[in-house]
Amino acid sequence: MKTLLQINASLFAKGGQSTRLADQFVAAWRANNPGATVIVRDLAIDAVPHLTAERFGAFLARPEERDATQQAVAKYSDTLIDELQRADVIVFGLPMYNFGVPSTLKAYFDHVARAGITFRYTATGPVGLLIGKKAYVFATRGGLYAGTPLDTQTAFVRDFLKFLGIADVEFVYAEGLAVSGERKDAALREAQSAIARLLPPALPIAA
Ligand SMILES: Cc1cc2nc3c(=O)[nH]c(=O)nc-3n(C[C@H](O)[C@H](O)[C@H](O)COP(=O)(O)O)c2cc1C
């Protein structure tokens, strides 16, 4: 049975435009995959702490040498990683905030990049260990960036996921949400059409 992990990064949680698009995709995916497991991690509700020297030290320490605090930190990171390892499909609700990813998502990334667990170093460079997964990213922006040099967010997310082994990544954009009401409606409609194309309805509509 398949497992989908949905990671919402909007500070508005369920009310975010990116969350709504991700929710629409996940609802359609569920219809196509009855009985599948869906895990939702909302970073506005369960914020991942910033990575500190202490927390990073817990990752580096040998398991048998970790003190109680370090054990708790490592266990928390292990839980996040376990969700990723279990997932066949990973869905991101990804707003653009101040030209980049929400800091909550960066903190999440900082807690799942673990040498020897999600990637390993080799003589020819790092190799991602989260293989065989497909990711969908629902990216919402007030302005217009996709396909321009200003869109460093897409490259960052794509490169980071690839670093972990997740190379099959599909981006769906809803841009220009702050430009005008018309532009916003059109962008959201376009994104919804993209979702329908990505996941056709499971059951044919009766004539
Ligand atoms: C704090 C903050 C910073 C933002 N920075 C940008 C930005 O740099 N570029 C942009 O195009 N839109 C920016 N926006 C607009 C959001 O990208 C847009 O509202 C999007 O819908 C947010 O997704 P969400 O509704 O899922 O949170 C910003 C919005 C907020 C709240």
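Atoms within a ligand are numbered from 1 in the order they appear, just like the ligands themselves.
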Of the listed options [options], closest to [atom] (non-hydrogen atoms):
atom	options	answer
atom 10 (C) of ligand 1	Ala22, Gly15, Gly142	Gly142
atom 7 (C) of ligand 1	Val179, Asn98, Leu11	Asn98
atom 11 (O) of ligand 1	Ala13, Gly143, Ala44, Gly100	Gly143

**Item:** atom 26 (O) of ligand 1 - nearest protein heavy atom and its distance
**Value:** Ser18 OG, 2.5 Å

Taking 4.0 angstrom as the limit and counting only heavy atoms of [X], give me the atoms of ligand 1 inside it, by number and element.
X	answer
Phe12	27 (O)
Tyr145	9 (N), 10 (C), 11 (O)
Phe99	7 (C), 8 (O)

**Message:** Would you call the rings of Phe160 and Phe109 parallel, tilted or perpendicular, taking 30° and 60° as the class edges?
**Reply:**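 Ring orientation of Phe160 relative to Phe109: parallel.
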
**Prompt:** Relative to each other, are the rings of Tyr136 and Phe138 parallel, tilted or perpendicular (30° and 60° limits)?
**Reply:**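 Rings of Tyr136 and Phe138: parallel, under 30°.
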
**Prompt:** Taking 4.0 angstrom as the limit, do Asp110 and Lys106 come out as a salt bridge?
**Reply:**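 Salt bridge present between Asp110 and Lys106.
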
**Request:** Flag the pair Arg114 and Asp78 as a salt bridge only when some basic side-chain nitrogen lies within less than 4.0 angstrom of an acidic carboxylate oxygen.
**Result:** yes

**Message:** Would you compute the distance between atom OG1 of Thr19 and atom NZ of Lys14 and round it to the nearest 0.5 angstrom?
**Reply:**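 Rounded to the nearest 0.5 Å, the OG1-NZ separation comes out at 7.5 Å.
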
**Asked** Rounded to the nearest 0.5 Å, how far apart are CG of Asp82 and CG of Leu5?
**Response** 10.5 Å

**Thr19 N/O to ligand 1 N/O under 3.5 Å** = no

**Message:** Would Gly16 count as being in polar contact with ligand 1, using the rule that some N or O on each side must be under 3.5 angstrom apart?
**Reply:**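 No, no N or O pair falls under 3.5 Å.
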
**Prompt:** With a 6.0 Å cut-off on ring centres, are Tyr145 and Tyr173 close enough?
**Reply:** no

**Asked** With backbone taken as N, CA, C and O and side chain as the heavy atoms from C-beta onward, which portion of Leu177 lies under 4.0 Å from ligand 1: side chain, backbone, both, or neither?
**Response** side chain

**Asked** Under a 4.0 Å heavy-atom limit, does Tyr97 contact ligand 1 with its side chain, its backbone, both, or neither?
**Response**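 Both parts.
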
**Asked** atom 19 (O) of ligand 1: protein heavy atom closer than 4.0 Å?
**Response** no

**Prompt:** Would you say the side-chain atoms of Gln153 pair up with the backbone N or O of Tyr97, donor to acceptor, closer than 3.5 Å?
**Reply:**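 Checking the backbone N and O of Tyr97 against the side chain of Gln153, no donor-acceptor pair under 3.5 Å is found.
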
